[in-house]
Structures are given as structure tokens and as C-alpha cells.
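All remarks here apply to the structure that follows.
Just so you know, residue 1 is the first one in the sequence shown, and it goes up from there. Read the numbers this way: they start at 1 and go in the same order the structure lists the ligands and their atoms.
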Amino acid sequence: VSETTTWVARRVREARDHAGLTQAELAERLDVTQTAVSYWEGGKRAPGLDDLIAIADALNQPVTYFLPLKSSRESIRTLLRATADRLDARQLRDVLDALLDEAEALPGLKQQVAITTTDPQRAASELLQLTGTASPPIDVDALAEQCGAHVITRELESDLSGLVIALDEGAVIGINRAQSKQRRRFTVAHELGHYLLDHHDRFHLDFARNAEDGHPPGYDWRSERAANEFAAQLLMPEHLVHTQFEPLAGSVKRLAKAFEVSELAMSYRLQSLGLR
Ligand SMILES: [Zn+2]
């Protein structure tokens with residue numbers, strides 16, 4: 001029996017105990033036999049990465065909890081690959097690998113500002129205040145860098161709009177180049193929101209799928225809504241929208257241009273601020 005198998009066996013048992021589940025209950029949640037769970041916990045058989053991701057989901061633990069990998073860099077790569085395989089997206093696996101290569105070749109970024117709240121609107125306001133950002137358009141790439149996140153814009157698998165990966169130091173935000181400039185800016189802000197609001201274990205992927213295709217594993221609409229609220233307040237801060245509203249005659253088109261956001265995003269924003 002390998003050291004890894006023994007390690008994983010102990011972690012699964014500990015996490016199951018912690019969750020207050022019996023082997024049978026865990027087996028039911030995973031749609032496997034109780035024997036399978038008992039073999040994993042006894043170290044007689046090692047669960048595959050697919051199984052581990054499902055176990056992590058079922059027991060509410062980060063997948064890294066179950067992995068004895070030496071460096072977190074190694075574990076993040078393994079996890080990204082396993083996730084891509086699970087989504088049955090071979091192209092995605094290559095894209096994520098290339099993105100990590102690119103990120104690791106960049107100089108490490110120091111996080112210069114730290115956010116103290118998990119409320120999306122307040123987090124965005126705090127960031128703007130800490131960085132002294134006072135006029136539109138908001139330089140979202142620069143803000144991300146000050147938070148320790150590199151922004152890399154490249155060709156990504158077509159239905160991936162953006163992603164954020166936490167590295168040993170800082171993070172990398174990957175943006176699909178196929179989107180419009182305004183959309184890319186919103187995606188950067190959205191991913192930065194996930195990163196600063198701690199929505200993920202080590203990484204988060206955002207797909208621009210049709211609703212009928214369903215959501216990828218791990219999708220949480222609360223995090224998505226929070227990241228969108230963060231992005232809206234970051235790119236279209238309430239007080240700046242108010243300041244610009246009169247001079248730009250309340251025109252959605254002109255306001256969108258001034259803030260470098262889509263007219264649709266500005267129109268939503270004006271509605272939510274009661275200006276439309
Ligand atoms: Zn998201």
C-alpha cells in the first residue's frame with residue numbers, strides 16, 4: 001500500500017467523521033457502494049481524482065484537503081487537469097496548462113492592498129478607496145495587480161469567459177480574448193471579486209454557457225451574484241455614476257462610454273441605483 005493511499009484513506013475517514021456521516025450515508029451521496037467507501041477508508045483501494053472531487057463536494061472540504069502532493073503548485077496543476085477531464089473538455093486542459101505556464105513565468109506579484117470585508121459592494125468601495133481611484137474609467141487591470149493578481153488575456157476555450165487561479169503567491173486571472181473590450185473588463189472585475197471575496201478553494205472557472213446546458217460542477221449562484229455585484233460597484237461606483245449622471249445628461253450611451261462598460265451593464269446599473 002502506497003503512502004499516498006494511506007494518507008487519502010485517513011483524510012476521507014476524518015472528513016466523513018467530521019461531517020457526521022456513516023460510510024453508508026457517504027456512499028449514498030456519492031452513488032457508490034458502501035464497499036467502495038470502506039475500501040477507500042481502509043486503504044485497500046485509492047479513489048481516483050474524479051472520486052476525490054466528488055468526495056470533497058459531498059463532505060464540504062476543499063479537494064486539496066485530500067491530496068498529499070508535495071507542493072501546492074503541483075496540486076493546483078493536478079486539480080485543474082482533473083477538473084478539465086471531469087468536464088470532458090480536452091482543449092480546456094491544454095488551455096489551463098498553458099495559462100499556468102505563462103503565469104509562473106511572470107514575476108511574483110505582491111499584494112499591496114487587503115480587503116477586510118466579504119460584502120461585495122463594500123469590498124469594491126474599499127478597494128477603490130485604498131487605491132485612491134477617483135474618476136472613470138476604472139483601470140481594473142491595475143487594481144487587480146495591486147491585489148496581487150496578474151491579468152492574462154488570451155485565446156481560451158470558446159465557452160470559458162474567465163477564470164481565476166490562486167498561486168503560491170498572488171493569483172492569475174485568465175480572460176477570454178474573444179469577448180468585447182467592455183465584456184473583458186467586466187470579467188476581470190468579476191474574477192477579482194471571486195478572488196477577493198474568497199469564493200473558491202484554489203481556482204474558479206466561469207463559463208458562458210446557455211442556460212439549458214446546465215451549470216458546471218461547483219456552480220454556486222450566490223457567489224456568481226456576489227461577484228457580479230462586486231464588478232458593478234468596482235467599474236461603476238455609485239458615487240461616480242451619480243457625479244457623471246447630470247453632466248452626461250443621463251444618457252446610457254455616454255455613461256457607458258465614460259465608464260468603458262457595455263450599455264447593457266450601465267443600463268442595469270442605473271436601474272439598480274434608481275436612476276432609471
Ligand atoms: Zn463567476
- Message: Taking the six-membered ring of Trp7 as reference, does the cationic atom of Arg10 (NZ for Lys, CZ for Arg) lie under 6.0 Å from its centre and within 45° of its axis?
- Response: yes

- Item | Contacts of Asp101 that satisfy salt bridge (charged side-chain N to carboxylate O under 4.0 Å, His left out) - sequence neighbours left out | Arg77

- Query: For Glu41, which of Arg16, Arg13, Arg11 qualifies under salt bridge (charged side-chain N to carboxylate O under 4.0 Å, His left out)?
  - Reply: Arg16

- Of all heavy-atom pairs between Asp206 and Glu224, which one has the smallest distance, and what is that distance? OD1-OE1, 3.0 Å

- Task: Can you tell me which residue pairs pass the salt bridge (Lys or Arg N to Asp or Glu O under 4.0 Å) test with a partner in residues 258-270, sequence neighbours excluded?
- Result: Lys181-Glu260, Arg185-Glu260

- Query: Leaving waters out, which protein N, O or S atoms fall under 2.8 Å from the Zn ion (ligand 1)?
  - Reply: His190 NE2, His194 NE2, Asp206 OD1, Asp206 OD2, Glu224 OE1

Ignoring hydrogens and angles, write down the donor-acceptor pairs under 3.5 Å from the side chains of residues 236-257, residues two or more places apart or on other chains.
unit_1, atom_1, unit_2, atom_2, d
Thr243, OG1, His239, O, 2.5
Ser251, OG, Lys253, N, 3.3
Ser251, OG, Arg254, N, 3.0

